[in-house]
Amino acid sequence: YFATSQSEWTHCGHLDVECATGSPFLSPNSVCDWSGVECSVDASVTALHLDNNNLDGYLPIEIGHLSALKEIDMDSNKLFGPLPSELGLLPMLEVIDLDNNLLIGSIPESLYSLTSLRVLDLDYNYLTGSISDDISALTSLFFIQLDFNDIEGTIPSELGSLSNLDYFSALSTRLVG
């Protein structure tokens, strides 16, 4: 929250008195009642739905402490900086939806250990580097979208081993193959 220009949030920042759904961030209510946060029955955070909310900042490394997190949906914001490698510490993570931000750097190698990952949506950022051959470990992956990034290199043949992969798009990148 503090890493993303909280006073500028479009929906349910700490200065909002009311929210359409849930409570404002940092309200005295449980974090599970905050707008855009979903929790399990044991009050572990399982999803962050903060898309199109004028988040302006970086994804903090502390996101790796949300061990029950299954979904990160923060597309259409102004998040910048690299994807934290700590995302790879989230074994239950199924959805990374961070398209239409200002993210830089390469896809961290640690993401290739997320065997539960089903959706990797990173289009419209400024990502560089290549797609690792280790993508073959993402056996649950069915959607990957990398359009409009500076990713380069050869599309790994290992993508062909992903039997659940239904959609792959890398328009306007420097990938070949």
Side-chain angles (χ1 to χ4, degrees), residues 1-105 107-108 110-111 113-127 138 140-149 164-167 169:
Y1 179 75
F2 295 107
T4 58
S5 191
Q6 68 277 3
S7 62
E8 302 297 321
W9 282 24
T10 307
H11 311 289
C12 297
H14 76 284
L15 299 176
D16 291 326
V17 176
E18 293 184 20
C19 296
T21 59
S23 303
F25 267 67
L26 299 184
S27 70
N29 299 341
S30 163
V31 66
C32 298
D33 293 330
W34 295 354
S35 181
V37 176
E38 291 180 17
C39 293
S40 63
V41 292
D42 69 351
S44 296
V45 175
T46 58
L48 296 171
H49 296 286
L50 300 169
D51 55 307
N52 201 24
N53 202 19
N54 204 33
L55 306 183
D56 186 353
Y58 59 92
L59 281 173
I61 61 173
E62 290 80 8
I63 201 162
H65 295 296
L66 299 174
S67 59
L69 194 63
K70 293 182 179 181
E71 295 182 37
I72 298 173
D73 181 8
M74 296 183 185
D75 65 274
S76 303
N77 283 292
K78 294 181 274 186
L79 296 172
F80 58 82
L83 287 167
S85 61
E86 288 75 9
L87 290 172
L89 300 174
L90 303 172
M92 299 174 71
L93 196 57
E94 297 176 2
V95 176
I96 298 175
D97 187 358
L98 293 169
D99 62 289
N100 199 20
N101 276 290
L102 305 168
L103 299 170
I104 61 169
I107 297 171
S110 63
L111 291 192
S113 68
L114 298 174
T115 57
S116 296
L117 193 65
R118 297 180 302 111
V119 174
L120 183 61
D121 192 356
L122 297 172
D123 59 314
Y124 290 95
N125 279 290
Y126 297 94
L127 298 174
L138 302 179
S140 299
L141 196 64
F142 77 87
F143 181 96
I144 183 168
Q145 187 162 284
L146 301 171
D147 305 339
F148 298 94
N149 278 291
N164 292 315
L165 190 63
D166 193 40
Y167 184 85
S169 184

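- With values rounded to the nearest 0.5 angstrom, Glu86 atom CD is found 8.0 Å from His65 atom NE2.
- A pairwise comparison of heavy atoms in Asn101 and Asp75 identifies ND2-CA, 3.9 Å as the closest pair.
- Nearest heavy-atom pair across Gly88 and Ser113 is O-OG, 3.6 Å.
- For the atom pair Ile72 CD1 and Leu93 CG, the distance stands at 5.0 Å (nearest 0.5 Å).
- Smallest separation of non-hydrogen atoms from Pro108 and Ser85: CB-CA, 3.9 Å.
- Looking at Ile63 and Pro84, their side chains come closer than 4.5 Å, going by heavy atoms from C-beta outward.
- Between the CG atom of Leu117 and the CD1 atom of Ile96 there is a distance of 5.0 Å, given to the nearest 0.5 Å.
- When each of Asp51, Leu48, Asp121 is checked for a side chain to side chain contact (heavy atoms under 4.5 Å, CB included) with Asp97, only Asp121 meets the rule.
- Asn125 places a side-chain N or O within 3.5 Å of a backbone atom of Leu102 that can act as its donor or acceptor partner.
- The shortest heavy-atom contact between Arg118 and Val95 is NH2-CG2, 3.9 Å.
- Interatomic distance, OG of Ser40 versus CG of Leu69, reported as 11.0 Å (0.5 Å rounding).
- The CG atom of Asp99 sits 9.5 Å away from atom CG of Asp147, with the distance rounded to the nearest 0.5 Å.
- One finds the OG1 atom of Thr46 at 9.5 Å from the CD atom of Glu94 (value rounded to the nearest 0.5 Å).
- Between Tyr58 and Leu103, every side-chain heavy-atom pair lies at or beyond the 4.5 Å cut-off.
- Looking at every heavy atom in both residues, Asn77 comes nearest to Asn53 through OD1-N, 2.8 Å.
- Side-chain atoms of Ile144 and Leu138, non-hydrogen and from C-beta on, never get closer than 4.5 Å to each other.
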Legend entry - side chain to side chain contact (heavy atoms under 4.5 Å, CB included) evaluation trace for Leu120 with Phe143: CA-CA 6 Å; Leu120 183 61; Phe143 181 96; over 6 Å; no
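- At a threshold of 4.5 Å between non-hydrogen side-chain atoms, the residues Tyr126 and Ile104 count as touching.
- Minimum heavy-atom separation, Pro91 to Leu89: CD-O, 3.0 Å.
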